[in-house]
Q: 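First, the structure itself, so that you have it in front of you.
Everything quoted here is computed from the prediction, not taken from an experiment. Just so it is clear, the values below take in all heavy atoms, side chains as well, and ignore hydrogens, waters and symmetry mates.
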Amino acid sequence: MSEASVDHRLEALDRALGVSFHDPELREASLTHRSFAFEHDLTITNERLEFLGDSVLGLVVTDLAYRMYPGMPEGDLAKLRAAIVNMTALADVARDLDLGAVVLLGKGEEQSGGRDKASILADALEAVFGAVYIDLGLDAARELIERLFEPRMEAYVRGEGDRDYKTILQELASQELRALPVYQIQDRGPDHQKEFTATVVIAGETLGTGVGRSKKEAEQQAAREAHARISERRAARPMGGSVHGAS
């Protein structure tokens with residue numbers, strides 16, 4: 001990648017972030033993966049900034065959730081925060097910003113697809129938050145994080161986006177059916193391209209099926225289907241009636 005191309009992408013990143021660093025060295029440090037530092041005999045990586053940015057992100061998201069949803073119980077607030085502040089969600093935001101194009105990687109990480117690796121993207125984004133906090137202050141970091149994550153929080157509360165449906169289903173099944181979900185897994189295909197099918201059974205009844213490239217993905221899909229089915233039955237049943245046997 002040419003120097004001019006990198007400069008162009010960094011300028012595009014700044015526009016996407018909506019920030020202008022006073023100290024460009026901080027921005028560069030936030031994008032320096034340890035593999036690049038090792039190959040170029042550098043002492044600075046983005047790991048310390050990532051450590052700081054993780055705390056800044058957690059504070060801002062927790063504060064925002066507390067203010068946005070004053071009636072939400074503590075347990076639901078914790079689930080909301082966990083759904084927003086995790087590697088997968090952070091990597092998705094980093095991809096939206098095209099952060100992978102400007103992360104500084106060693107040759108090995110570059111060749112192994114490091115520019116789209118979730119852990120590298122998530123760490124780099126948190127390092128950027130740490131750099132913004134040091135360079136521009138907490139208000140600037142807060143404004144940036146809220147702009148990037150508030151829509152995702154709203155989507156989660158509406159029931160969209162990534163949710164831990166296995167946990168949600170377990171709670172609902174315990175309340176409504178007095179039973180816990182049991183998952184049955186089948187797989188097919190070669191090892192490098194397996195497809196998993198999960199079936200969730202509750203109180204002897206099959207309530208959901210899901211397909212995915214991993215057991216976790218298939219189970220989440222099955223749990224989501226079962227959760228929707230139980231929720232529909234609960235909404236349709238007469239007041240005080242049982243969820244069992246409802247259509």
Q: Is any side-chain heavy atom of T32 less than 4.5 Å from a side-chain heavy atom of I44?
A: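 When only atoms from C-beta onward are counted, I44 and T32 do not touch, as no gap falls below 4.5 Å.
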
Q: Going through the checks in order, is the salt bridge (Lys or Arg N to Asp or Glu O under 4.0 Å) test met by R67 and E150?
A: CA-CA 12 Å; R67 289 186 287 108; E150 184 173 346; over 6 Å; no

Q: Got K117 and S112 here, is their nearest side-chain heavy-atom distance under 4.5 Å?
A: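 Contact flag for K117/S112 side chains = yes.
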
Q: Please examine the side chains of Y133 and L138, heavy atoms only from C-beta on, and report whether any two atoms are closer than 4.5 Å.
A: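 In short, these two side chains touch, coming nearer than 4.5 Å.
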
Q: Supply the atom-to-atom distance L90 CG to L57 CG, rounded to the nearest 0.5 angstrom.
A: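 Here the rounded value is 6.0 Å.
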
Q: Name the residue from I230, V182, L180 that meets the side chain to side chain contact (heavy atoms under 4.5 Å, CB included) definition with I202.
A: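 Only match with I202 under side chain to side chain contact (heavy atoms under 4.5 Å, CB included): I230.
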
Q: Has R115 got a side-chain atom pairing as donor or acceptor with V103's backbone, closer than 3.5 angstrom?
A: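 Side chain of R115 to backbone of V103, a donor-acceptor pair under 3.5 Å: yes, one is there.
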
Q: Drop me the distance from S55's OG to E50's CD, to the nearest 0.5 angstrom.
A: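 The distance works out to 9.0 Å.
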
Q: Return yes when atom CD of E154 has more than 12 non-hydrogen atoms of other residues, nucleotides or ligands closer than 6.0 Å, and no otherwise.
A: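 Counting other residues, nucleotides and ligands, CD of E154 exceeds 12 neighbours.
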
Q: Does the side chain of V211 come within less than 4.5 Å of Q221's, by heavy atoms?
A: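 Side chain of Q221 against side chain of V211, heavy atoms only: no contact under 4.5 Å found.
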
Q: Do the side chains of E146 and R152 get close enough for a salt bridge, i.e. N-O under 4.0 angstrom?
A: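 Salt bridge flag = no for R152 with E146.
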
Q: Do V157 and M72 have side-chain heavy atoms sitting under 4.5 Å apart?
A: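 Counting from C-beta outward, V157 and M72 do come under 4.5 Å.
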
Q: Let me check something: do V93 and Y156 share a hydrophobic cluster, defined by ILVMFWY side-chain heavy atoms less than 4.5 Å apart, either directly or through other members?
A: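 Hydrophobic grouping puts V93 with Y156.
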
Q: Do L99 and L31 touch side chain to side chain, with heavy atoms closer than 4.5 Å?
A: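 Yes, side chains in contact.
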
Q: Knowing that exactly one of L169, T199, L177 qualifies, which makes a side chain to side chain contact (heavy atoms under 4.5 Å, CB included) with L207?
A: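 Output: one option passes, namely L177.
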
Q: So does E219 get a backbone contact from the side chain of R224, meaning a donor-acceptor N/O pair under 3.5 Å?
A: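 No: the side chain of R224 does not pair with the backbone of E219.
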
Q: A quick test of your reading: do over 12 heavy atoms of other residues, nucleotides or ligands sit less than 6.0 Å from CD of E195?
A: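 Buried by this count: over 12 neighbours within 6.0 Å.
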
Q: How about CZ on R48, more than 12 heavy atoms from neighbouring residues, nucleotides or ligands closer than 6.0 Å, or not?
A: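 No - once you tally the heavy atoms of other residues, nucleotides and ligands closer than 6.0 Å, there are 12 at most.
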
Q: Is the closest basic N to carboxylate O distance between D23 and R27 below 4.0 Å?
A: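 R27 and D23: not salt-bridged.
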
Q: So does E28 have more than 12 non-hydrogen atoms from other groups sitting under 6.0 Å from CD?
A: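 12 or below, so no.
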
Q: Do D98 and L13 have side chains that get closer than 4.5 Å, going by heavy atoms?
A: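 No - every pair of side-chain heavy atoms lies 4.5 Å or more apart.
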
Q: Is the NZ or CZ atom of K166 positioned over Y183's six-membered ring, under 6.0 angstrom from the centre and within 45° of the axis?
A: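 Yes - K166 lies over the ring of Y183, closer than 6.0 Å to its centre and within 45° of its axis.
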
Q: Counting N and O atoms only, with roles assigned by atom type, does the side chain of T62 sit under 3.5 Å from a partner on the main chain of G58, one being a donor and the other an acceptor?
A: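 Yes.
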
Q: Measuring only between side-chain heavy atoms, which start at C-beta, is L97 closer than 4.5 Å to L125?
A: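 In short, these two side chains touch, coming nearer than 4.5 Å.
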
Q: Rounded to the nearest 0.5 Å, how far apart are NZ of K107 and CD of E39?
A: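 That separation rounds to 6.5 Å.
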
Q: Could you tell me whether E47 and R34 make a salt bridge, using a distance below 4.0 angstrom between a side-chain N and a carboxylate O?
A: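 Salt bridge flag = yes for R34 with E47.
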
